[in-house]
Asks: 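Encoded as structure tokens, here's the structure I'll be asking about.
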Amino acid sequence: MSMQAARAHLAKFGLEGRIREFSVSSATVELAAVAVGCEPARIAKSLSFLVEDKPILILAAGDAKVDNPRYKTRFGTKAKMIPADQVEELIGHGVGGVCPFGTKPGVTVYLDESLRRFEVVYPAAGTPASAVELNLAELEQASSASGWVDVCKGWRPEQS
């Protein structure tokens, strides 16, 4: 069901043909990078949080990590990830395949600045063995992002 929801959502933008399905797992950044054939940083990982008991997704570069002070400044609360056993219920996709396409109503999506380094990124497409190749404009449109945020660390050269 999750892949069907993602495919149907991407079809609204003419992007369903970009979905790649793999015979190997792409459930982690490292596995996805191998399956896609790109550097791990280009994997657009979906991080799921609760803000005021409402689910949000933040898509970030594969090499980025949430910076708690930045997150708290932006969202007014401590970063609280959705427990793995509740992700599918709240987001609409299971862990390893979480993506901003075909989510449950009420899920707010944000894109992290760490992605802006790349022309093309690879978010999951609803299953732990899929990805979709999108440029940033396509990602922004297809994800119905509520905007860009700067809540991650570890990806800027000065932070290495």
Asks: Before you tell me yes or no, could you show the steps for S46 and L59 under side chain to side chain contact (heavy atoms under 4.5 Å, CB included), namely the whole-Å CA-CA distance, both residues' side-chain angles and the distance that decides it to 0.1 Å?
Replies: CA-CA 5 Å; S46 298; L59 268 71; 3.6 Å; yes

Asks: I'd like to know if the side chain of Q86 reaches the main chain of P83, judged simply by a donor and an acceptor atom lying under 3.5 Å from each other, with no hydrogens or angles considered.
Replies: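 A pair under 3.5 Å: no.
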
Asks: If hydrophobic clusters are built from ILVMFWY residues whose side chains come within less than 4.5 Å, do V29 and L31 share one?
Replies: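 No, V29 and L31 fall in different hydrophobic clusters.
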
Asks: Among T108, V98, I91, find the one that has a side-chain contact (heavy atoms from CB on, under 4.5 Å) with T103.
Replies: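 Of T108, V98, I91, side-chain contact (heavy atoms from CB on, under 4.5 Å) with T103 is met by I91 alone.
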
Asks: Identify whether Y122 and L134 are in the same connected component of the hydrophobic contact network (ILVMFWY, side-chain heavy atoms under 4.5 Å).
Replies: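 Y122 does not cluster with L134.
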
Asks: Give a yes or no on whether a salt bridge exists between E113 and R156, defined as a side-chain N under 4.0 angstrom from a carboxylate O.
Replies: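 Judged by the 4.0 Å cut-off on N to carboxylate O distance, E113 and R156 do not form a salt bridge.
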
Asks: When clusters are formed by joining ILVMFWY residues with side-chain heavy atoms under 4.5 Å apart, either directly or through shared neighbours, do I56 and V66 land in the same one?
Replies: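 Yes, same cluster.
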
Asks: Taking S48 as the fixed residue, which of I58, L57, L90 is the one that meets the side-chain contact (heavy atoms from CB on, under 4.5 Å) rule?
Replies: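 Exactly one pass, corresponding to L57.
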
Asks: Please answer whether the main-chain N or O of S130 pairs with a side-chain N or O of S26 as donor and acceptor at a distance below 3.5 Å.
Replies: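 Yes, because the side chain of S26 sits within donor-acceptor range (under 3.5 Å) of the backbone of S130.
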
Asks: Taking the side chain as everything from C-beta on, heavy atoms only, tell me whether E140 gets closer than 4.5 Å to L111.
Replies: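 The answer is yes; the side chains approach within 4.5 Å.
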
Asks: Looking at N68, is its backbone amide N or carbonyl O close enough to the side chain of K78 to form a donor-acceptor pair, meaning the two atoms are under 3.5 Å apart?
Replies: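 No; judged by distance alone, with no hydrogens or angles, the pair does not exist.
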
Asks: Please determine whether a side-chain nitrogen of the Lys or Arg among D112 and R70 lies less than 4.0 Å from a carboxylate oxygen of the Asp or Glu.
Replies: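 No salt bridge links D112 with R70.
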
Asks: For E133, does its backbone N or O pair with a side-chain atom of R18 as donor and acceptor, under 3.5 Å?
Replies: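 Yes, because the side chain of R18 sits within donor-acceptor range (under 3.5 Å) of the backbone of E133.
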
Asks: Which pair of heavy atoms, one from R117 and one from A61, lies closest together, and at what distance?
Replies: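 Nearest pair, atom of R117 first, then A61: NH2-CB, 3.1 Å.
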
Asks: Could you tell me if the ring centre of F49 sits under 6.0 Å from that of F75?
Replies: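 For F49 and F75, the ring centres are not under 6.0 Å apart.
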
Asks: So C38 and I43, side chain to side chain contact (heavy atoms under 4.5 Å, CB included) or not? Walk me through it.
Replies: CA-CA 8 Å; C38 71; I43 300 301; 3.7 Å; yes

Asks: Answer yes or no: are there more than 12 heavy-atom neighbours, outside D53 itself, under 6.0 Å from its atom CG?
Replies: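 Check fails, neighbour count at 12 or below.
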
Asks: Show, in sequence, the C-alpha distance, side-chain angles and deciding distance for F101 and L139, and conclude whether the side chain to side chain contact (heavy atoms under 4.5 Å, CB included) test is met.
Replies: CA-CA 10 Å; F101 319 116; L139 177 63; 4.0 Å; yes

Asks: Should V95 and L47 be regarded as members of a common hydrophobic cluster, given that ILVMFWY residues are connected when their side-chain heavy atoms come within less than 4.5 Å of each other, either directly or indirectly?
Replies: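 Different clusters: V95 never reaches L47 through Ile, Leu, Val, Met, Phe, Trp or Tyr contacts under 4.5 Å.
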
Asks: Determine whether R7 and I19 satisfy the following criterion, side chain to side chain contact (heavy atoms under 4.5 Å, CB included), listing intermediate values before the conclusion.
Replies: CA-CA 8 Å; R7 187 180 306 280; I19 295 174; 4.0 Å; yes

Asks: Quick check on the hydrophobic clustering: are F118 and V36 connected, directly or via other members, by side-chain heavy-atom contacts under 4.5 Å?
Replies: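 Per the 4.5 Å side-chain linkage, F118 and V36 are not co-clustered.
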
